[in-house]
A.B. asks: 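Before anything else, here's the structure in question.
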Amino acid sequence: MCGIVGIFDLSGKREINRELLHVMNESQFHRGPDEGGLHIEPGLGLGHRRLSIIDLSSGQQPMHSADGNVVLTYNGEVYNFPELRKELEALGYTFKTHCDTEVIVYAWQAWGEDCVLRLRGMFAFAIWDRDKETLFLARDRLGIKPLFYSQLQNGQFIFSSELKALKEHPDLSKEIDPTAIEEYFGFGYIPDPKTIYKEVYKLEPGYCLTLKRGHTEYLPRQYWDVHFETKHQGTEQELGEELIVQLREAVKIRTVADVPLGAFLSGGVDSSAIVAMMAGLSKDPVNTCSISFGDPRFNEAQFAAKVAQQYHTEHRVEQVDPDDFSLIDKLAGIYDEPYADSSALPTYRVCELAKKQATVVLSGDGGDENLAGYRRYRWHTYEDRMRSIMPDAIRKPLFGFMGQVYPKADWAPKIFRAKSTFESIARDSLEGYFHSVSVQSNEFRAQLFSQQLKQDLQGYQAVEVFRRHAKNTSIDNAQSLVQYLDMKTYLPGDILTKVDRASMAHALEVRVPLLDHQLVEWIAGLNPELKLKGREGKYIFKKSLESYLPNDILYRPKMGFAVPLDSWFKGPLKEQVKESLLGETMMQSGLFDQDFLHKIVSQHQSGLRDYSSPIWSLLMFERFLSKAL
């Protein structure tokens, strides 16, 4: 895994500042501590930091073609590079290395922009073609690897793997985008293509971008999308067997490395499935690692240990301090913009642990989005059924009223927390799903934001992110549509962002078999009822794994990384919360209603309400502001 940067003069061939390019490149040293390189020519500068994984003695970047016409800086892994290499050799290309980087160079020369369609893997790269005076950028289909860019007022186009590298450029506009604030407090992260800054963007997953010298206008182009259409015929058993064949291949091609390899093992279905496949493919014991929690409500260590014992892995486990809040300040530096998933804390620790025994690890990320594993899919399907059988004229006022009068019971068992369900059914399908996944409700954000911020938003609401993606697909199944929305938003914006930054902070490469695009496409062709059957998410996946994993792994209640925010904010972080949320940075930002901030802190710390989620979101925003201003 690596870090890339670049500066491209769109209007001419002005000299590139070598020292500036070096500083931008070195800001991502953590992504590639093994080697660094620059390529500079009139009007163009490319930089690269390398974490060596394959062909350790060669493969240095930026890499040039044999004729010197093409230059590549690249982050990621292309798993089908041996097959592509043979195809290119048949076309007359010769290779000096044994790495995938050189394959991309000649794939560009052979197939141009269509080269990206042939790549199977995770990647973000930029290719400079001197003869065509063209810079081509591309990001992998699911968004596993990040790519940021901005066009400066001086006519330069700059890009990087992480936002921090762009912030090193003195001409970058750091004007905050009010709509990004709305999206952050709605989703808990800022969905692609926006960033917190108005003039900085993320290249969306499955998109590419072509820039030509002398042309200052450009538009990202989508080269891939996932289509949820039932295509596969066969019995449940036959389809389950084929699913295992597809999964095994996705795992197999991700076990090629010239450095120590391992896997995350939480004891959940997805990571356990990956370990089971790895064990069947390897003669040596698989290196696995997991973290444990003192609180038994969130501790999966016993389940991870059971899978490790079954497959005789070299298992390492460490317990996380329940008061491990020392990382809070560090998170702002890792993510570069507001990011409110508190599981970033234990994710950082498990990556730190994994690095002790491996440089490459496989993870189970993507299983829930692919195979309908989230409980919210079941609830949304139920709610959408209610919408379809009840006329809007009756449904909206009836359930809207019930949502208003039903008490908010944060403390009660989930079965009695019907307020949110009533409020969701009162809305249309997209608004209802947004209501179910939003970290702060529309009503809460309306109270939180200052009058000036609301004026700047001009009525914009974060649900528009869903509307934009829904317009881009013809999916008519409610369950498949929300899976699609999560693949476009939550997966790249939250899950993959979290794993990329946490792993790269430790120079650890994480590979994601369940997000192999061919596997994703195959699963999308399954009947939705084979993914969510009754109350059972990942139904066919679990059935197909019954000969590989015990039932108490496959069919136990879903758990996850949890952080005791409520007790932190009432106990050891009580004063820090007051200082941060009620301090000068937030009070003078002009973004929030000051009285409401006081109310949130007071009511939470008195025990009157549980505001741990919004306090965490605000704390992360304050950390960003304090570093950015």
Side-chain angles (χ1 to χ4, degrees), residues 141-143 183 186-189 191-193 204-207 222 224-232 365-392 395-396 399 420-421 423-439 441-442 461-496 514-515 517 519-541 558:
R141 296 167 180 82
L142 279 305
E183 291 178 11
F187 288 98
Y189 55 91
D192 302 4
E204 292 185 82
Y207 275 72
Q222 188 173 25
W224 182 87
D225 201 3
V226 58
H227 301 284
F228 285 81
E229 301 171 3
T230 301
K231 299 177 181 177
H232 307 311
D365 293 309
D368 289 309
E369 293 81 6
N370 253 335
L371 291 146
Y374 294 126
R375 185 174 58 239
R376 61 178 181 254
Y377 296 153
R378 172 162 51 91
W379 281 107
H380 179 75
T381 302
Y382 162 74
E383 291 166 3
D384 221 55
R385 206 172 294 132
M386 292 289 291
R387 294 185 187 96
S388 68
I389 63 175
M390 192 174 294
D392 288 357
R395 174 179 56 80
K396 289 184 177 182
F399 284 97
S420 182
T421 300
E423 291 173 339
S424 183
I425 295 174
R427 295 167 161 88
D428 69 30
S429 185
L430 286 181
E431 289 177 344
Y433 188 63
F434 174 73
H435 180 72
S436 71
V437 300
S438 59
V439 293
S441 68
N442 294 349
Q461 290 195 320
V463 69
E464 293 304 318
V465 174
F466 280 170
R467 296 199 190 284
R468 179 175 71 87
H469 288 298
K471 288 178 182 177
N472 198 39
T473 181
S474 58
I475 298 171
D476 58 5
N477 177 274
Q479 173 192 316
S480 296
L481 178 58
V482 293
Q483 285 183 256
Y484 177 85
L485 293 176
D486 275 358
M487 284 187 177
K488 298 297 178 181
T489 56
Y490 182 65
L491 182 63
D494 187 315
I495 300 299
L496 295 174
L514 286 167
L515 292 181
H517 83 272
L519 177 61
V520 170
E521 290 172 343
W522 189 87
I523 293 174
L526 289 171
N527 187 315
E529 293 182 2
L530 289 175
K531 303 169 197 173
L532 176 58
K533 190 167 187 177
R535 298 175 59 86
E536 198 65 62
K538 302 182 192 172
Y539 171 77
I540 192 170
F541 192 45
K558 186 176 177 62

A.B. asks: Which of parallel (below 30°), tilted (30 to 60°) and perpendicular (above 60°) describes H232 and W522?
C.D. replies: parallel

A.B. asks: So do T230 and N477 actually touch side chain to side chain, heavy atoms under 4.5 Å?
C.D. replies: no

A.B. asks: Output the distance between atom CD (Q483) and atom OH (Y490), rounded to the nearest 0.5 Å.
C.D. replies: 14.5 Å

A.B. asks: Which heavy atom of G366 sits nearest a heavy atom of L491, and at what distance?
C.D. replies: CA-CD1, 4.3 Å

A.B. asks: How many angstroms lie between atom CG of L142 and atom NE2 of H517, to the nearest 0.5 angstrom?
C.D. replies: 9.5 Å

A.B. asks: Using side-chain heavy atoms (C-beta onward) and a distance below 4.5 Å, is W379 in contact with Y433?
C.D. replies: no

A.B. asks: Are any non-hydrogen side-chain atoms of H380 and S429 less than 4.5 angstrom apart?
C.D. replies: yes

A.B. asks: Given side chains that start at C-beta, do those of F434 and N442 come closer than 4.5 Å, heavy atoms only?
C.D. replies: yes

A.B. asks: Quick one: list whatever passes ring pair (Phe, Tyr, Trp, His ring centres under 6.0 Å) with F541, sequence neighbours left out.
C.D. replies: none

A.B. asks: Quick one: closest heavy-atom pair of M487 and P492, and the distance?
C.D. replies: O-CD, 3.1 Å

A.B. asks: What are the two closest non-hydrogen atoms of I495 and D365, and how far apart are they?
C.D. replies: CG2-OD1, 3.8 Å

A.B. asks: Taking it one step at a time, do K538 and D368 satisfy side chain to side chain contact (heavy atoms under 4.5 Å, CB included)?
C.D. replies: CA-CA 7 Å; K538 302 182 192 172; D368 289 309; 2.9 Å; yes

A.B. asks: Just verifying a value: how many Å separate E464 CD and L430 CG, rounded to the nearest 0.5 Å?
C.D. replies: 9.5 Å

A.B. asks: Report yes if the side chains of R141 and V520 come closer than 4.5 Å at any heavy-atom pair, otherwise no.
C.D. replies: no

A.B. asks: Would you say the side-chain atoms of D486 and Y374 include a donor-acceptor pair closer than 3.5 Å?
C.D. replies: no

A.B. asks: Distance-only, no hydrogens or angles: does the N370 side chain make a donor-acceptor pair with backbone N or O of L514 under 3.5 Å?
C.D. replies: yes

A.B. asks: Rounded to the nearest 0.5 Å, what separates atom CD in E369 from atom CG in L485?
C.D. replies: 12.0 Å

A.B. asks: Where do P193 and R468 come nearest, in terms of heavy atoms and distance?
C.D. replies: CD-NH2, 3.3 Å

A.B. asks: Please lay out, stage by stage, how K488 and N472 fare under the test side chain to side chain contact (heavy atoms under 4.5 Å, CB included).
C.D. replies: CA-CA 11 Å; K488 298 297 178 181; N472 198 39; 5.8 Å; no

A.B. asks: Compare every heavy atom of T489 with every heavy atom of V465, then report the nearest pair and how far apart it is.
C.D. replies: CG1-CG2, 3.7 Å

A.B. asks: Pairs of donor and acceptor atoms involving the side chains of residues 523-535, under 3.5 Å and at least two apart or interchain, shall be tabulated with distances.
C.D. replies:
unit_1 : atom_1 : unit_2 : atom_2 : d
N527   : OD1    : E529   : N      : 2.9
K531   : NZ     : I523   : O      : 3.2
K533   : NZ     : E236   : OE1    : 3.4

A.B. asks: I'd like to know if the side chain of D225 pairs up with that of Y484 as donor and acceptor (distance under 3.5 Å, no hydrogens or angles considered).
C.D. replies: yes

A.B. asks: Taking atom CZ of R378 and atom CD of Q479, what is their separation to the nearest 0.5 Å?
C.D. replies: 11.5 Å

